[in-house]
Amino acid sequence: MQDAPREKLLGTRRFGPFFWTQTLGAFNDNVFKNALVILVSFGIAGLSQDQINLYVNLAAGLFILPFFLFSATAGQLAEKYEKSRLIRIIKFVEIGIMGLGGIGLYLGQVPFLLGVLFLMGAQSALFGPVKYSILPQALHPAELITGNAWVEAATFLAILLGTMLGGWLIARSYGVPGVSVVIVAIAVLGYLTARAIPTAPAAAPDLKINWNAFSETWRNIAFMRSNRTVFLSVLGISWFWFYGATFLAQLPNWTKLNLGGNEQVVTLLLTVFSLGVGLGSLLCERLSGDRVEIGLVPLGSIGLSLFGADLYFAAPGEATTIGLGAAAWLAQAGSVRVLVDLMLIGVAGGLFIVPLYALIQTRSAASHRSRIIAGNNILNAAFMVASAMLAIALLKLGLNIPQLFLAAAILNAGVAIFIYGLVPEFLMRFIAWMMIRVLYRIRVSGLENIPEEGPAIVICNHVSFVDALIVGGSVRRPLRFVMDHRIFRIPGMNFLFRTARAIPIAPAKEDPEMLERAYAEIDQALKDGEIIGLFPEGRLTPDGSIQPFKSGIEKILAANPVPVVPLAVRGLWGSMWSRIDSQLRRARLPRRFRAEIELLAAAPIAPEDATAAVLEEKVRAMRGDRA
C-alpha cells in the first residue's frame with residue numbers, strides 16, 4: 001500500500017467513508033442524549049426534582065452499562081466477521097433505534113426513552129471494537145497516526161456540536177418533531193456513508209464465539225496483560241477518560257458556583273475544551289511526523305496536570321456574582337485564564353490519547369486486536385464510573401470543586417510517574433524526541449522498510465555520540481542498540497541507554513567477557529523477536545567519512561539469519577556531538593546548532609546477502625558525499 005498525502009487522506013475511499021460514518025454516529029448520539037436530558041429537566045410536566053435527578057443520572061448509567069455487557073462479544077464479532085459488513089449492519093440498526101427515539105420523544109414517556117438510550121449504548125458498544133481495529137487494515141502504518149488524529153478530533157467536535165444542536169432543537173416550538181427528523185436523517189446518512197467503506201477481511205474467521213461476557217472479558221484482560229506496553233497503554237487511555245470525566249461532570253456546577261456563569265458559559269467552556277482536544281489531536285499528527293510517536297504521551301500528561309492544577313488557582317473560591325451570560329463573564333478578570341487552561345487541557349489530552357490508540361493498534365496481534373479494543377472500552381467505562389464515585393466521595397468529605405480539580409491533577413502526576421516507571425520506553429522516547437528536535441532539524445525517509453514485527457537488524461554509519469538517540473527516536477519500534485561501552489557510560493546519557501536496554505560491547509583485546517555477553521544478549525533479543533541496532537564501523541568516524549565495516553555483523557547473522565535494514569545519517573558531521581565538535585570548541589569556532597540532518601532507510605537485505613562489504617557499499621551509496 002502506498003502512502004497517501006496527509007491532506008488528501010479524507011478524500012480516499014480507504015478512510016473517508018469510515019471517517020464520516022464514525023463522525024455522524026458520534027454527532028447523532030449526542031443530539032439525542034442532550035435532547036433527552038433537556039426534555040426531562042425542563043420539558044416534561046409533572047416530574048418532581050427528585051425524579052428529574054433520578055432520570056438524568058439513570059440516563060448516564062444506562063448508556064455506559066452496555067459497554068460492560070456487550071463489549072466482549074462485540075470484540076469477538078469484529079474478529080470473526082468482515083468489518084465493513086458489520087458496520088453496515090450496525091448503522092442500519094441505528095436507523096431503527098433512532099426511529100424508536102422519535103416515537104419516545106413524541107409520547108414523552110421517560111422509561112421508553114431510557115430504553116432507547118440503552119439500545120444506543122449497545123449499538124455504540126458493538127461499533128467500538130470495529131471502529132479502531134479497521135484502521136490498521138485500511139491505512140498504511142505511516143498514515144495510522146493521521147487517521148487516529150482525525151478520528152479523535154472529529155469525535156470530540158461531533159460530541160460538542162451534537163450536544164449543542166440537541167439542546168437548541170428541543171428548546172424550539174417544534175422541538176420534538178425537529179429532533180426526531182434530525183436523528184433519523186443523520187442515521188440514514190450514516191448508513192449511506194457506511195456502504196462506501198471498502199472490505200476489511202476477518203482477522204480470525206474460525207474464532208468460536210464465547211457468549212459469556214464475564215469470562216470473555218476476563219480472558220481479554222488477561223491477553224492484554226501478556227503485552228505489557230499494550231496493557232499499560234489501555235490503562236493510560238482509561239485514565240484519560242477518568243480524568244476527563246472528573247472535569248466534565250463538574251463543569252455545570254463549577255461554572256455556576258465558582259465562575260458565576262450561566263448555561264451560556266457552560267457551553268462556551270465545553271466548546272473551548274472540545275476544540276482543544278481536536279487541536280491537540282491534529283497537532284499530535286504534525287509533531288509525530290507520520291510515526292506513532294509515544295514520546296508525546298509524557299508531554300500530554302505533563303499538560304494535563306499543569307493546566308488542571310492551574311484551574312484551582314484560577315478560581316479557588318465561590319463567585320461573588322452569579323448568573324452571568326457569556327459576554328458578561330468574559331469581561332470578568334481571570335476568565336481568559338480559565339479558557340486558556342481548558343483549551344490546553346484539551347490539547348494535552350489529544351497529545352496523550354492519539355499515540356496510545358495508535359500504539360495499541362500497531363503493537364496488538366491482528367488476530368486479537370478487536371478483542372483488545374473491546375477490553376479497552378470496558379476499562380474506559382469502568383474508569384468513568386470510578387471517576388464519578390471518587391468525585392462523590394471527595395465532595396462529601398468536604399472538598400469543593402476547585403479542590404477536586406487540584407486533587408485530580410496531582411493524582412494524574414502520580415499515575416504518570418507510576419506508568420513511566422513501569423514502562424520506561426515512554427519516558428525515554430519523550431526525552432529522545434525532545435533532544436533531537438531541540439538540537440537538530442531532522443528529515444526521515446524510507447523508515448517504512450523497517451519490519452513492523454519480528455526480528456531484524458538495523459545498521460547505520462556512526463558520526464556522533466547521539467546517533468543512537470537520533471535513530472531510536474525516529475524509528476517506530478523500540479531498538480536495542482549495540483554500542484561501544486565508553487559511549488554507553490557517558491554521564492547523563494547512560495540513563496537513556498540503560499532505559500532503552502542498549503547492549504554495551506568492547507573489543508576482545510579490551511574485555512573478552514563483555515564481548516561474549518554482548519553476543520549472548522544479541523542472540524536472545526533476536527530470538528525474542530526484537531530489533532537490534534548496530535554501528536558496524538565499531539567506532540565514531542574521525543573525519544566524517546565512513547570507516548570500514550567490521551565482520552561482527554556476519555557472526556551475528558550466522559547464528560541468527562534475520563533481515564538487515566541499512567540506514568544512513570547525513571549532515572551530522574560538524575554539528576554538536578560529532579567528534580569534530582570538540583575541535584571546534586577548542587578552537588573557539590562557530591558550531592552547527594540546529595543542524596539540518598537526514599535519516600534514510602533502504603529496503604531490507606536478506607541475511608545470506610548481508611555481508612559487511614555489501615552493507616558498507618549500500619550505506620556509502622545512500623549517504624553520497626556528505627556525512
Give a yes-or-no answer on whether the side chains of Asn412 and Ser301 include a donor-acceptor pair shorter than 3.5 Å. no

Distance in Å, Phe240 CZ paired with Met384 CE, rounded so as to fall on 0.5 Å steps: 11.0 Å

Between atom CD1 of Ile378 and atom CH2 of Trp218, what is the distance when rounded to the nearest 0.5 Å? 12.0 Å

The reported gap from CG in Asn376 to CG in Leu356 (rounded to nearest 0.5 angstrom) is 9.5 Å

Answer yes or no: is there a donor N or O on one side and an acceptor on the other, between the side chain of Lys83 and the main chain of Ala78, under 3.5 Å? yes

I would like to know whether Tyr174 and Leu169 meet side chain to side chain contact (heavy atoms under 4.5 Å, CB included); could you show each step before the answer? CA-CA 8 Å; Tyr174 50 83; Leu169 281 174; 4.1 Å; yes

Does Ile87 reach the side chain of Ile90, with side-chain heavy atoms less than 4.5 Å apart? no

Which is it for Ser84 and Phe18 under the side chain to side chain contact (heavy atoms under 4.5 Å, CB included) test, yes or no, and what are the steps along the way? CA-CA 9 Å; Ser84 67; Phe18 165 78; over 6 Å; no

Nearest heavy atoms of Leu207 and Gln76, plus distance in Å: CD2-O, 3.6 Å

Under 3.5 Å, side chain of Asn30 to main-chain N/O of Ala26, donor-acceptor pair present? yes

Are the side chains of Gln250 and Leu395 in contact, using a 4.5 Å heavy-atom criterion? yes

Where Asn28 and Ala187 come nearest, the two heavy atoms and their spacing: ND2-N, 3.5 Å

Short question: side chain of Ser305, backbone of Ala413 - any donor-acceptor pair under 3.5 Å? yes

Please check this pair: side chain of Ser387 against backbone of Phe383, looking for a donor-acceptor N/O pair closer than 3.5 Å. no

In this structure, OG1 of Thr21 is separated from CD of Glu94 (nearest 0.5 Å) by 9.5 Å

Do Gln403 and Leu394 come within less than 4.5 Å of each other through their side chains, counting heavy atoms only? no

Return a table of donor-acceptor pairs under 3.5 angstrom between the side chains of residues 313-335 and protein atoms on other chains or two or more places apart.
{"unit_1": "Trp329", "atom_1": "NE1", "unit_2": "Leu259", "atom_2": "O", "d": "3.4"}
{"unit_1": "Ser335", "atom_1": "OG", "unit_2": "Leu330", "atom_2": "O", "d": "2.9"}
{"unit_1": "Ser335", "atom_1": "OG", "unit_2": "Gln332", "atom_2": "O", "d": "3.0"}

So, do Val340 and Met343 sit near enough that their side-chain heavy atoms are less than 4.5 Å apart? no

Tightest non-hydrogen contact, residues Ser133 and Ile373, listed as N-CD1, 3.4 Å

Please report the closest heavy-atom contact between Thr23 and Ala154, naming both atoms and the distance. OG1-CB, 3.5 Å

Quick check: are there more than 12 heavy atoms from other residues, nucleotides or ligands sitting under 6.0 Å from OH of Tyr81? no

Would you say Val415 and Phe242 make side-chain contact, with heavy atoms under 4.5 Å? no

Going by atom type alone, with no hydrogens or angles, which donor-acceptor pairs under 3.5 Å involve a side-chain atom of residues 267-277 and a protein atom two or more places apart or on another chain?
{"unit_1": "Thr267", "atom_1": "OG1", "unit_2": "Glu263", "atom_2": "O", "d": "3.1"}
{"unit_1": "Thr271", "atom_1": "OG1", "unit_2": "Thr267", "atom_2": "O", "d": "2.7"}
{"unit_1": "Ser274", "atom_1": "OG", "unit_2": "Leu270", "atom_2": "O", "d": "3.0"}

Considering residues at least two apart in sequence or located in another chain, which fulfil the side chain to side chain donor-acceptor pair (under 3.5 Å) criterion with Glu216? Asn210, Arg219

Give the minimum heavy-atom separation between Leu304 and Phe352, together with the two atoms involved. CD1-CG, 4.2 Å

Counting only heavy atoms not in Lys256 (residues, nucleotides, ligands), do more than 12 fall under 6.0 Å from its NZ? no

In this structure, CG of Asp29 is separated from CG of Leu24 (nearest 0.5 Å) by 11.0 Å

What about the rings of Tyr312 and Phe405, do their centers lie closer together than 6.0 Å? no

Backbone of Ala149 reached by a side-chain donor or acceptor of Glu152 within 3.5 Å: no

Using a 4.5 Å cut-off on heavy atoms from C-beta on, say whether the side chain of Trp254 contacts that of Leu404. no

Checking side chain to side chain contact (heavy atoms under 4.5 Å, CB included) for the pair Met389/Val385: CA distance, chi angles, key distance, verdict? CA-CA 6 Å; Met389 294 173 64; Val385 172; 4.0 Å; yes

Please walk me through it: do Phe112 and Leu100 pass side chain to side chain contact (heavy atoms under 4.5 Å, CB included)? CA-CA 9 Å; Phe112 184 88; Leu100 291 174; 4.2 Å; yes

Grab the two heavy atoms, one from Ala125 and one from Phe70, that are nearest each other, plus how far apart they are. CB-CB, 4.4 Å

Would you indicate whether the side-chain heavy atoms of Met98 and Met120 approach each other to under 4.5 Å? yes

Would you say the side-chain atoms of Ser71 pair up with the backbone N or O of Phe68, donor to acceptor, closer than 3.5 Å? no

Decide yes or no for Phe156 and Leu160: does some side-chain heavy atom of the first lie under 4.5 Å from some side-chain heavy atom of the second? no

Would one find more than 12 heavy atoms of other residues, nucleotides or ligands at under 6.0 Å from atom CZ of Arg225? no

Side chains of Asn380 and Ser238: do they bring a donor and an acceptor to under 3.5 Å? yes

Enter the distance from Leu86:CG to Lys80:NZ here, rounded to the nearest 0.5 Å. 11.5 Å

